[in-house]
Student: 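Below you will find the structure I want to go over with you.
Chain identifiers are assigned alphabetically (A, B, ...) following the order of the sequence lines, protein sequences preceding nucleic acid strands; residue numbering begins at 1 within each chain.
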2 protein chains.
Amino acid sequence: MRELCLPVGLALDALKELDKVVTKRVCLTKGESLYRVGNAFSSLYAIRLGSCKTTLLSDDGCEQVAGYHMIGDVIGMDGIGNGRHGCDAVVLEDSEFCVLPFDELEDLGRRVAPLQRNLHQFLSREIARNHAVMLQLGSMRAEERLAAFLVNLSQRYSARGYSSTEFVLRMTRAEIGSYLGLKLETVSRLFSGFQRQGVMRVQSRSVTLLDLPALTRLLGQRC
Amino acid sequence: MRELCLPVGLALDALKELDKVVTKRVCLTKGESLYRVGNAFSSLYAIRLGSCKTTLLSDDGCEQVAGYHMIGDVIGMDGIGNGRHGCDAVVLEDSEFCVLPFDELEDLGRRVAPLQRNLHQFLSREIARNHAVMLQLGSMRAEERLAAFLVNLSQRYSARGYSSTEFVLRMTRAEIGSYLGLKLETVSRLFSGFQRQGVMRVQSRSVTLLDLPALTRLLGQRC
DNA sequence: CGCGCCGTTGATATTATTCAAGACCAGTGG
DNA sequence: CCACTGGTCTTGAATAATATCAACGGCGCG
């Protein structure tokens, strides 16, 4: 628990307190849901192992991928506001989660100021993260969106000690497209295009970024 | 302060405590900034009067409108995470803000559980709000986005005791477009189109929604 | 009055979607 | 072992949606 999730730069006693509330684990296999829209909210979840996507359901029943989450990410924060989860969390590979009962987390926050601060930072960063996605969806063209997606993945894998240039996509083209506001064919074409330009290699879900600087340059090009 | 902002359904003593930390006000005139990207974060701000937009700056220096905020909204929450504001807040008309020093808010939260809960709900709702915007940007067509925007404004004005069918847009076509991921010409054309269909009347910034159900229907139509 | 920003509209260009066909791949059962 | 199947992925051609370019009208303000 300690090296991931909430506690970053916390004192030892604060960590011990935190460990006390994190007692439960959940293991799920590919395709299963951790929670669904409308489920009563009671806990946040930290990904200990594996990955998942969160999906939104618009009024008309059409679903959109809202986030791709990997080891160390905390999910479920959108449920605090009205006591119900606002999205589905679907596991993309066999995964394990820490259960963080939110009432106890709040309790703890009241007693341990650094932990409280930490929780607030997590909530805030989730907001900032969404802002970045909004920027992507609102002002980038298809090519730039996919490049941004790849660079983002690269950075997150790198931050977790994995290779920043070689990784396996856990989502289908359709899911990536949904996340980026594109159709699956467009995503496929873009991958092919990037490969043709020599920027990356794609072999179904396996990805090798050959020219990360070039990808990064694509982002800053235009508005 | 009481009727707006944070405190909804709080006990009287909790309210009194809250009043103690909300001592400062800020008044700004059209075009001024409440804060800017990179400014040190110290407070949240509740809009007491007027309205403002928040804008993001992408790496290449292109700006996008990320939110439109009106009386009673609390802004600045994206700055908690790393101690600096992540967007600009620009006032759209002469406006007044309550300053909510965040350290004191956290202090207070540790002492008054309902207030703590309230703060968390606010943060969470901001996340949920962003999700809705992501849905708009990611899976709706231009017409649907503008309809969603208008319906959203209508609901928010209505919730604040103003007319749900007649209001004044505080943003230019370019700003609305930026918010919705469209160009100003597209926004203009859509307004004209809606007017031609008899769904609404537009007279520069003054808007009258003639057929709210029709607008709402536009949202649920397709994916 | 004239200037600058804002808004509208048309013609054209670009971008991404849709529709359609087929390839690939893993898992299944004969 | 191999054919079969369903899901995924790729690619092309036609189409639709939106952006871009350009011109002009209007309004507010100094």
Side-chain angles (χ1 to χ4, degrees), chain A residues 29-31 53 62-65 90 92-94 136-150 168-197 200-208 218 221-223, chain B residues 29-31 53 62-65 90 92-94 136-150 168-197 200-208 218 221-223:
Chain A
T29 65
K30 188 173 172 171
K53 64 173 178 178
C62 153
E63 91 164 24
Q64 179 182 340
V65 175
V90 179
L92 295 168
E93 59 191 312
D94 294 4
Q136 272 189 36
L137 293 173
S139 63
M140 288 184 181
R141 292 174 319 104
E143 196 180 43
E144 300 168 314
R145 289 185 209 176
L146 189 61
F149 175 69
L150 290 168
V168 174
L169 301 169
R170 297 298 176 184
M171 295 201 280
T172 67
R173 303 288 189 264
E175 286 166 332
I176 295 170
S178 169
Y179 181 54
L180 299 175
L182 304 170
K183 295 297 156 189
L184 71 96
E185 294 97 327
T186 307
V187 174
S188 179
R189 274 185 247 274
L190 288 169
F191 273 136
S192 302
F194 283 158
Q195 184 157 237
R196 215 172 305 123
Q197 297 170 235
M200 67 183 298
R201 254 173 37 80
V202 200
Q203 175 80 296
S204 112
R205 309 265 178 108
S206 301
V207 158
T208 310
L218 267 177
Q221 211 73 332
R222 67 185 68 245
C223 279
Chain B
T29 65
K30 188 172 169 172
K53 65 174 177 178
C62 153
E63 91 163 25
Q64 179 182 342
V65 175
V90 179
L92 295 168
E93 60 192 310
D94 294 6
Q136 270 189 39
L137 293 173
S139 64
M140 289 184 181
R141 292 175 317 105
E143 195 181 44
E144 299 167 317
R145 290 185 209 177
L146 188 60
F149 174 70
L150 290 168
V168 174
L169 301 169
R170 297 297 176 185
M171 296 202 280
T172 66
R173 302 289 189 263
E175 287 167 331
I176 295 170
S178 169
Y179 181 54
L180 298 175
L182 303 170
K183 294 297 155 187
L184 70 95
E185 295 96 327
T186 307
V187 174
S188 179
R189 274 185 246 274
L190 287 169
F191 273 135
S192 302
F194 282 158
Q195 185 157 234
R196 215 172 305 121
Q197 295 169 237
M200 67 184 297
R201 255 172 36 83
V202 200
Q203 174 80 295
S204 114
R205 308 268 177 107
S206 301
V207 157
T208 311
L218 267 178
Q221 212 73 331
R222 67 184 69 244
C223 280

Student: Polar pairs (N or O, both sides) under 3.5 Å between protein and nucleotides 18-24 of chain C?
Tutor:
unit_1	atom_1	unit_2	atom_2	d
C/dT18	O4	A/Arg189	NH2	2.8
C/dC19	N4	A/Glu185	OE2	3.3

Student: To the nearest 0.5 Å, tell me how far B/Leu150 CG sits from B/Leu169 CG.
Tutor: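 These two atoms lie 7.0 Å from each other.
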Student: Whole Å only: how far is the CZ atom of B/Arg173 from the C1' atom of C/dT8?
Tutor: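 One finds 9 Å between C1' of C/dT8 and CZ of B/Arg173, rounded.
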Student: Give the rounded distance in Å between these two atoms: CG of A/Leu180 and C1' of C/dA16.
Tutor: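 Rounded to whole Å, this separation is 14 Å.
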Student: My understanding is that only residues two or more places apart in sequence, or in another chain, count here; which of them pass salt bridge (charged side-chain N to carboxylate O under 4.0 Å, His left out) with A/Arg189?
Tutor: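 By the salt bridge (charged side-chain N to carboxylate O under 4.0 Å, His left out) rule, A/Arg189 matches no residue at all.
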Student: Rounded to whole angstrom units, what separation is found between the CD atom of A/Gln203 and the P atom of D/dC9?
Tutor: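 Rounded to whole Å, this separation is 12 Å.
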Student: So what does B/Gly181 touch, heavy atoms closer than 4.0 Å: a base, only the sugar-phosphate, or nothing?
Tutor: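 Sugar-phosphate, backbone atoms only, no base.
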Student: Taking atom P of C/dG10 as reference, at what distance in whole Å does atom CG of B/Leu190 sit?
Tutor: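 These atoms are roughly 14 Å apart.
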Student: Just how far is it from atom CG of A/Leu180 to atom CZ of A/Arg173, taken to the nearest 0.5 Å?
Tutor: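 Nearest 0.5 Å value for the CG-CZ distance: 12.0 Å.
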Student: For the atom pair CD (A/Glu144) and CG (A/Leu190), what is the distance rounded to the nearest 0.5 Å?
Tutor: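 Separation between the atoms: 11.0 Å.
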Student: May I ask you to evaluate whether A/Thr172 reaches the phosphate of D/dG7, defined as a side-chain N or O under 4.0 Å from OP1 or OP2?
Tutor: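 No, because none of the side-chain N or O atoms of A/Thr172 sits under 4.0 Å from OP1 or OP2 of D/dG7.
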Student: To the nearest Å, give me how far apart CZ (B/Arg201) and C1' (C/dG7) are.
Tutor: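 So the CZ-C1' distance, B/Arg201 to C/dG7, works out to 16 Å.
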Student: Consider side-chain contact (heavy atoms from CB on, under 4.5 Å). Of A/Val207, A/Leu146, A/Val202, which one does A/Phe194 pass it with?
Tutor: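 The side-chain contact (heavy atoms from CB on, under 4.5 Å) with A/Phe194 is passed solely by A/Leu146 among A/Val207, A/Leu146, A/Val202.
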Student: Calculate the interatomic distance between A/Leu182 atom CG and D/dT18 atom C1'; express it in whole Å.
Tutor: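 Result: 14 Å.
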Student: Output all residues satisfying salt bridge (charged side-chain N to carboxylate O under 4.0 Å, His left out) with A/Glu185, sequence neighbours left out; order by chain, then residue number.
Tutor: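 A/Glu185: no salt bridge (charged side-chain N to carboxylate O under 4.0 Å, His left out) contacts found.
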Student: Counting side-chain heavy atoms from CB outward, which of C/dT8, D/dT11, C/dT17 is closest to A/Ser188?
Tutor: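 Comparing C/dT8, D/dT11, C/dT17 against the side chain of A/Ser188, the answer is D/dT11.
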Student: Starting at CE of A/Met171 and ending at C1' of D/dC9, how long is that distance when rounded to a whole Å?
Tutor: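 To the nearest whole Å, that distance equals 16 Å.
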Student: Side chain of A/Arg205 only, heavy atoms from C-beta on: which candidate in C/dT8, D/dC9, C/dT17 is closest?
Tutor: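 Shortest atom-to-atom distance from the side chain points to D/dC9.
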Student: Could you grab the distance from atom CZ of A/Phe149 to atom CE of A/Met140, nearest 0.5 Å is fine?
Tutor: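 These two atoms lie 13.5 Å from each other.
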Student: Name the residue closer to the 5' end of DNA chain C, choosing between B/Ala174 and A/Ala142 according to the nucleotide with the nearest heavy atom.
Tutor: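 Nearer the 5' end of the strand: B/Ala174.
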Student: In this structure, how many angstroms lie between the P atom of C/dC6 and the CD atom of B/Glu175, rounded?
Tutor: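 About 8 Å, once rounded to whole Å.
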Student: Go nucleotide by nucleotide along DNA chain C from the 5' end; which of B/Phe191 and A/Arg145 gets its closest nucleotide reached first?
Tutor: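 The answer here is B/Phe191.
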